[in-house]
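Below is one structure, written out as structure tokens; comments come after it.
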Amino acid sequence: MSADAFSRRVLAWWRDNGRKDLPWQHQPTPYRVWVSEIMLQQTQVATVIPYFERFMAQFPNVRMLASAPLDDVLRHWSGLGYYARARNLHKAAQRIVAQHAGDVPDDLDALCALPGIGRSTAGAILSLACGQAQPILDGNVKRVLCRYYGVEGWAGTNAVLRQLWRLAERHTPEREAGSYTQAMMDLGATLCTRAQPACGQCPLAADCVARRTGRQRELPTPRPRRELPEREAWFLLLRDAEGRLLLEHRPPSGLWGGLWSFPEVSSRVEADAWLERAAGAGGVWQELEAFTHTFSHFRLRIHPLLADTETLVASGVKDGPQVWYKPGLSPPGGIAAPVAQLAHALQVQSKSDSQE
DNA sequence: AAGTCGGGGGA
DNA sequence: TCCCCAGACTT
């Protein structure tokens, strides 16, 4: 099938069946499309929608985002994960103000030069918000192309990636590129799904290699998996007389970079030493139930230890900025999901205690 | 080319 | 439980 016929079929399908009411499709300005694209990296639409609404209400334009403290940006990102996305978004906004007069660039190279924006995200911004005929290659498009052409091999390797980009370029139409971009994402998200694709409704089914050979389940080739290593961490929950919890500011990069978290040590022995320094021989940890938090590349076994500062003779903590945080109130910045979870659990517990 | 970066949702 | 999701960056 010609490239032209391919895009025509996809566009015709989209006109009747595509999604046209997502929040970022209203007033699809470069800024709104940019923010949505960053949030949608490795994150599903349903999860993103409430975050997008809150984020746009707080940071309605590039300048508001650029002038906001990073803590505010991370606070609105709390729970979304991949916090480097938020740090890059903030940094890029400041660069856009400094170097592009506050306007999101409408040029592929200028966009790709900004932190957090790669070729696919730049293509999405240019096609969806600027009407330019630029291809994208997100997970949806990869899946559709791998199945349609029967592309073998994991899309994480350079060879496969080059091939997929070539195909994506070939099919992107000069006209209606924005609708085509949205159409391909909708096709991948609603019909050409990972499990049980709805080939019966697909406009490309007649010529699809995976469909003809019954290999929908095997394509695209999954990433090679290895067993996740497990690490352990002891979260030190220091609680004062008012029920507030001590939080520390984490280093600006790395895991949960720039977020606020409980003091953390890597063994029970260290935790005991930490408490002895803080409270002398009188301090006692109360062990809360351990739980596992799973990341993309390892599992973290979290052992929460609780101590009330009434038993402490000295703070015993000194590294980096610290704050006392009252669960239920607005946190000082970004909070990782398990930290929020624990804080919430203690808030609920103290409430039920006070009712007895 | 491989490793780093979160969290959640679907099957 | 396992897999992956509107990826990009660092090494």
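Per chain, numbering begins at 1; letters A, B, ... match sequence-line order. Side chains are part of it too, since the values below use all heavy atoms of this structure and drop only hydrogens, waters and symmetry mates.
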*Looking at the side chain of A/R194, which of C/dA6, B/dG7, B/dG10 is the nearest nucleotide?*
B/dG10

_Expressed as a whole number of angstroms, how long is the span from A/L74:CG to B/dG6:C1'?_
13 Å

*asked:* If I take atom CG in residue A/N88 and atom P in nucleotide C/dT10, what distance separates them, rounded to the nearest angstrom?
replied: 8 Å

*A/H90 (side chain) donor-acceptor with A/A68 (main chain) under 3.5 angstrom*: yes

*Quantified in whole Å, what is the C1' atom distance between nucleotide B/dC5 and nucleotide C/dC5?*
15 Å

_Taking the ring centre of each residue, are A/F59 and A/F55 less than 6.0 Å apart?_
yes

*By nearest nucleotide on DNA chain C, pick out whichever of A/G116 and A/T221 is the more 5' one.*
A/T221

*Check the distance between B/dG3's P and A/W154's CH2 and give it to me in whole angstrom.*
9 Å

*Going through the distances and angles, do A/R301 and A/T292 end up as a side-chain hydrogen bond (donor to acceptor under 3.5 Å, both in side chains)?*
CA-CA 4 Å; A/R301 185 72 182 164; A/T292 302; 2.8 Å; yes

*Whole angstrom value for the distance that separates C1' of C/dT10 from NZ of A/K91*: 13 Å

*5' precedence on DNA chain B between A/G156 and A/S253 (nearest-nucleotide basis)*: A/G156

*Short side-chain N/O contact to B/dG7 OP1/OP2 from A/Y83, under 4.0 Å*: yes

*Strictly below 4.0 Å, heavy-atom distances to any atom of DNA chain C: list the hits from residues 137-150 of chain A, or just say none.*
A/D138, A/G139, A/N140, A/R143

_A/Q41 side-chain proximity, nearest of B/dG7, C/dA8, C/dA6_ = C/dA8

*Heavy atoms under 4.0 Å, any strand shown: does A/L80 hit a base, just sugar-phosphate, or nothing?*
base

*B/dC5 phosphate, OP1 or OP2, under 4.0 Å from A/H297 side-chain N/O*: yes

*asked:* Heavy atoms only, 4.0 Å cut-off, all strands: where does A/L259 land among base, sugar-phosphate and nothing?
replied: nothing

*Give the rounded distance in Å between these two atoms: CD of A/E37 and P of C/dC5.*
15 Å

*Between A/F295 and A/W256, ring centroids under 6.0 Å*: yes

*Look at the side-chain N and O atoms of A/R225 and state whether any lies under 4.0 Å from the OP1 or OP2 oxygen of C/dC4.*
yes

*Select base, sugar-phosphate, or nothing to describe what A/G254 touches, counting heavy atoms under 4.0 Å on all strands.*
sugar-phosphate

*asked:* Go through it in stages, so that I can follow the logic: the residues are A/W14 and A/D186, the test is side-chain hydrogen bond (donor to acceptor under 3.5 Å, both in side chains), and I'd like the CA-CA distance, side-chain angles, deciding distance and then a yes or no.
replied: CA-CA 8 Å; A/W14 183 76; A/D186 288 359; 3.0 Å; yes

*What is the distance, rounded to the nearest whole Å, between atom CG of A/L228 and atom P of B/dG7?*
15 Å

_Chi angles and distances behind the ring pair (Phe, Tyr, Trp, His ring centres under 6.0 Å) call for A/F262, A/H249_ = CA-CA 9 Å; A/F262 301 117; A/H249 207 185; over 10 Å; no

*asked:* Distance check, C1' atoms only: C/dC9 and B/dG8, in whole angstrom units.
replied: 23 Å

*Would you mind classifying the nucleic acid contact of A/W77 as base, sugar-phosphate or nothing, using non-hydrogen atoms under 4.0 angstrom?*
nothing

*Would one find a side-chain N or O of A/H293 under 4.0 angstrom from OP1 or OP2 of B/dG6?*
no

*Just checking A/P220: base, sugar-phosphate only, or nothing, at a heavy-atom cut-off of under 4.0 Å?*
nothing

*Look at all strands and tell whether A/A336 reaches a base, only sugar-phosphate, or nothing, counting heavy atoms closer than 4.0 Å.*
sugar-phosphate

*asked:* If you take the centroid of each ring, where Trp contributes its six-membered ring, are A/H76 and A/Y83 closer together than 6.0 Å?
replied: no

*Select from A/L255 and A/A46 the residue whose nearest nucleotide in DNA chain B is closer to the 5' end of that strand.*
A/L255

*asked:* With a 4.0 Å limit, can you tell me whether A/T43 has a side-chain N or O closer than that to the phosphate oxygens OP1/OP2 of B/dG8?
replied: no

*asked:* What is the separation between atom CZ on A/R226 and atom P on B/dA2, rounded to the nearest whole Å?
replied: 9 Å

_What contact category does A/V48 fall into here, base, sugar-phosphate, or nothing, at under 4.0 angstrom with non-hydrogen atoms?_
nothing

*asked:* Within the 4.0 Å heavy-atom criterion, would you say A/Q182 contacts the bases, only the backbone, or no part of the nucleic acid?
replied: base

*Does any donor-acceptor pair link the side chain of A/R19 with the base of C/dA6 at a separation under 3.5 Å?*
yes

*asked:* Categorize A/G79 for me: base, sugar-phosphate, or nothing, with a 4.0 angstrom heavy-atom threshold over every strand shown.
replied: sugar-phosphate

*Decide yes or no on side-chain hydrogen bond (donor to acceptor under 3.5 Å, both in side chains) for A/D4 and A/H171, but give the supporting numbers first.*
CA-CA 7 Å; A/D4 200 40; A/H171 290 113; over 6 Å; no

*What integer number of Å spans the P atoms of C/dT10 and B/dG6?*
14 Å

*Do A/Q42 side-chain and C/dG7 base share a donor-acceptor contact under 3.5 Å?*
yes

*asked:* Regarding A/A337, tell me which of base, sugar-phosphate or nothing describes its non-hydrogen contacts under 4.0 Å with the strands shown.
replied: sugar-phosphate

_For atom CD of A/Q44 and atom P of B/dA11, their distance in whole Å_ = 10 Å

*Upstream residue (5' side of DNA chain C) when A/P115 and A/G188 are each assigned their closest nucleotide*: A/G188

*Within a radius of less than 6.0 Å around CZ of A/R175, do more than 12 heavy atoms belonging to other residues, nucleotides or ligands occur?*
no

_Any base atoms under 4.0 Å from A/S296, or only sugar-phosphate, or nothing? Heavy atoms, all strands._
base

